[in-house]
Amino acid sequence: MPGTIPHWIDGALRESTSGRTAPVTDPATGEVTGQVVLASVDEVDAAVAAATRAFPLWRDMSLAKRTTVLFAFRELLNARKGELAEIITAEHGKVLSDALGEVSRGQEVVEFACGVPHLVKGGFTENASTGVDVHSVRQPVGPVAVISPFNFPAMVPMWFFPIAIATGNTVVLKPSEKDPSAALWIAELWKQAGLPDGVFNVVQGDKVSVDRLLEHPDVKAVSFVGSTPIARYVYENGTRAGKRVQALGGAKNHMVVLPDADLDLAADAAINAGFGSAGERCMAISALVAVGGIGDDLVARIAERAATLRTGDGRRGCDMGPLVTREHRDRVSSYVDAGEAAGAKVVVDGREVRPDGAADGFWLGPTLLDNVSTDMSVYTDEIFGPVLSVLRVDTYEQALELVNGNEYGNGTAIFTNDGGAARRFQNEVEVGMIGINVPVPVPMAYYSFGGWKHSLFGDSHAHGTEGISFFTRGKVVTSRWLDPSHGGLDLGFPQNV
Ligand code: NAD
């Protein structure tokens with residue numbers, strides 16, 4: 001009998017009395033493995049109250065003590081990340097090696113956050129005016145909410161909460177209801193690392209929880225990641241309620257291959273970036289733009305490689321796992337049907353996959369569509385599945401126009417041996433993260449992650465120095481210590497002398 005998956009509030013598991021739950025499935029078997037509770041408004045309020053109570057103590061704890069907890073968390077995570085990877089595979093479906101990779105990329109942000117004393121250092125100016133010194137400090141904003149998507153149940157929350165916690169804030173995490181268990185494992189780990197109760201809380205839930213977090217007066221900032229319509233909704237409602245909001249949305253990432261590129265390297269990259277994690281990555285490549293007559297050759301090389309991929313249960317050493325839910329698999333599959341009906345050529349057909357896994361798993365194999373045009377839904381929509389669409393253009397300018405004409409601007413890549421062309425592309429393309437002969441250019445933790453246009457609402461990207469400034473507020477202090485020469489009365493605007 002599948003058990004319930006509860007909240008984590010004030011340092012302990014907390015059952016729900018809302019009476020609402022949602023099934024959690026193992027995508028490789030199709031079995032319901034748990035029922036995640038869906039919070040009521042009162043339960044969200046309880047989590048925010050815990051975070052609000054914990055805030056003064058945590059804010060005022062020295063950087064030395066805060067970083068001791070962060071280092072302990074990093075050590076525990078590093079030692080036990082295999083457990084977390086197994087939880088991710090069981091609820092998300094991605095293969096174990098990929099789940100481990102996700103945890104490692106999240107761990108990099110924890111390591112970045114361990115350097116918080118350096119990152120929040122302010123400036124100091126002695127004698128800015130005669131006898132007057134000026135210095136700046138950065139202080140935490142208060143309790144913050146992190147609302148995350150299904151596709152990275154560990155890494156995406158870790159883009160935010162290590163930095164939020166390191167800078168002295170307290171956190172309420174609302175994970176995706178599709179894979180909610182990773183968040184609870186992380187909460188237990190924080191407790192073991194010595195984090196005071198109430199600094200990190202997990203509320204399981206759906207729109208009811210999100211809406212309450214957006215309107216709750218004690219929540220001071222919201223970091224959201226998910227699809228573009230919900231990101232826009234969160235940004236508009238959160239900012240209307242006076243909060244600081246960063247809302248990362250959907251994507252449609254193009255990989256441009258110029259005629260001089262190494263086509264084997266490009267074909268490998270297209271496979272890895274198109275089908276890794278079954279295409280359920282916001283940095284996945286879904287549109288491949290072949291420039292200047294290389295289309296047939298490139299498609300043949302990709303098809304040859306796709307035929308070698310093993311789709312199946314992520315615990316069996318396969319290359320690619322199932323999709324997250326049956327509904328999502330059916331939706332992605334229907335895009336392939338629509339593309340075919342609109343005239344695209346199905347070169348590799350994932351609908352016919354024979355998986356190494358249970359019959360009821362949510363399978364769809366790697367799919368390669370050629371001769372896709374910009375009016376087909378398989379191109380216009382974010383599909384979020386293992387479907388690679390090939391578009392053909394004659395020139396670099398046409399490729400650039402295609403990328404810049406898209407509503408999304410998360411990631412893009414160019415494959416070429418021409419440094420000048422690559423340099424021009426990085427300058428002209430309207431996208432936040434760019435790979436040059438690198439297909440999935442996810443920035444390191446000490447840079448910031450984020451897209452342009454409808455891939456991000458708000459001004460701040462995730463982690464790196466932008467993460468530090470998102471979770472802190474600046475103050476500038478101007479001070480003068482009395483000396484024997486008193487300046488006397490002067491009602492004019494302060495001028496520096
Ligand atoms: P989603 O938008 O369905 O859900 C994201 C979060 O919003 C979840 O916590 C969910 O419970 C909540 N939510 C869902 N419906 C809601 C509603 N009506 N009102 C309020 N909250 C709601 O996204 P998903 O399917 O979980 O994740 C995939 C999406 O996330 C893709 O679009 C992908 O591109 C995007 N994504 C973007 C990035 C990025 O960095 N830009 C990273 C990862 C994923």
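When a ligand or atom number is given, it counts from 1 through the structure's own listing order. When reading the values below, keep in mind they use all heavy atoms of this one structure, side chains included, and skip hydrogens, waters and symmetry mates.
At distances below 3.5 Å, not a single donor-acceptor pair connects side-chain atoms of Lys252 with backbone N or O atoms of Ala287. The closest donor-acceptor contact from the side chain of Asp218 to the backbone of Val48 lies at 3.5 Å or more, if one exists at all. Between the side chain of Asn410 and the backbone N or O of Trp452 there is no donor-acceptor pair closer than 3.5 Å. Distance alone, capped at 3.5 Å, places no donor-acceptor pair between the Glu86 side chain and the Glu83 backbone.
For atom 44 (C) of ligand 1, the closest non-hydrogen atom of the protein is Asn151 OD1, 3.2 Å. Among all protein heavy atoms, the one lying closest to atom 27 (O) of ligand 1 is Pro149 CB, 3.2 Å. Closest to atom 28 (C) of ligand 1 among all protein heavy atoms lies Phe384 CE2, 3.6 Å. Of all protein heavy atoms, the one closest to atom 2 (O) of ligand 1 is Ser227 OG, 2.7 Å. Nearest non-hydrogen protein atom to atom 39 (C) of ligand 1 is Cys282 SG, 3.5 Å. Ranking the protein heavy atoms by distance from atom 24 (P) of ligand 1 puts Phe150 CD2, 3.5 Å first. Scanning the protein heavy atoms around atom 16 (C) of ligand 1, the nearest turns out to be Ile230 CD1, 3.6 Å. Closest to atom 34 (O) of ligand 1 among all protein heavy atoms lies Glu382 OE2, 2.5 Å.
Interface atoms of ligand 1 facing Ile147, defined by a heavy-atom separation under 4.0 Å, are 9 (O). For ligand 1 and Glu177, the ligand atoms under 4.0 Å from any heavy atom of the residue are 10 (C), 11 (O). Here is the list of ligand 1 atoms found below 4.0 Å of a heavy atom in Val225: 5 (C), 36 (N), 37 (C), 38 (C), 39 (C), 42 (C), 43 (C), 44 (C). Heavy-atom proximity to Gly250, at under 4.0 Å, picks out these atoms of ligand 1: 32 (O), 34 (O).
Contacts between Arg281 and ligand 1 below 4.0 angstrom, taking non-hydrogen atoms only, are absent altogether. The side chain of Trp159, and not its backbone, has at least one atom closer than 4.0 Å to an atom of ligand 1 (non-hydrogen atoms only; side chain from C-beta on). Of all the heavy atoms of Asn410, the ones lying under 4.0 Å from any atom of ligand 1 belong exclusively to the side chain.
Taking the six-membered ring for Trp and the full ring otherwise, the centers of His254 and Tyr408 sit at least 6.0 Å from each other.
Annotation: side chain of Ile271 is in contact with side chain of Ile302 (closest heavy-atom distance under 4.5 Å). Contact of the His463 side chain with the Met158 side chain is not registered, since no non-hydrogen atoms from C-beta on lie closer than 4.5 Å.
Considering backbone and side-chain N/O of Asp211, none are found under 3.5 Å from N/O of ligand 1. Taking distance alone, with nitrogen or oxygen atoms compared against 3.5 Å, Ser148 approaches ligand 1 more closely than that limit.
Applying the side chain to side chain contact (heavy atoms under 4.5 Å, CB included) test between Val24 and each of Val32, Val36, Thr325 identifies Val36 as the sole match. With Phe449 as the fixed residue, the ring-ring contact (aromatic ring centres under 6.0 Å, His included) test singles out one of Trp159, Phe160, Phe152: Trp159.
When the heavy-atom distances from atom 41 (N) of ligand 1 to Gly249, Gly451, Ser455, Ala462 are ranked, the shortest goes to Gly249.
Remark: atom 4 (O) of ligand 1 lies closer than 4.0 Å to no protein heavy atom.
Note: Phe161 and Phe73 have perpendicular aromatic rings, judged against thresholds of 30 and 60 degrees for the angle between ring planes.
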Discussion item. Set out, in order, the CA-CA distance, both residues' side-chain angles and the distance that settles side chain to side chain donor-acceptor pair (under 3.5 Å) for Asp375 and Ser373, then state yes or no.
Written reply: CA-CA 6 Å; Asp375 55 347; Ser373 54; 2.6 Å; yes

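No more than 12 heavy-atom neighbours from other residues, nucleotides or ligands sit within 6.0 angstrom of CZ on Arg423.
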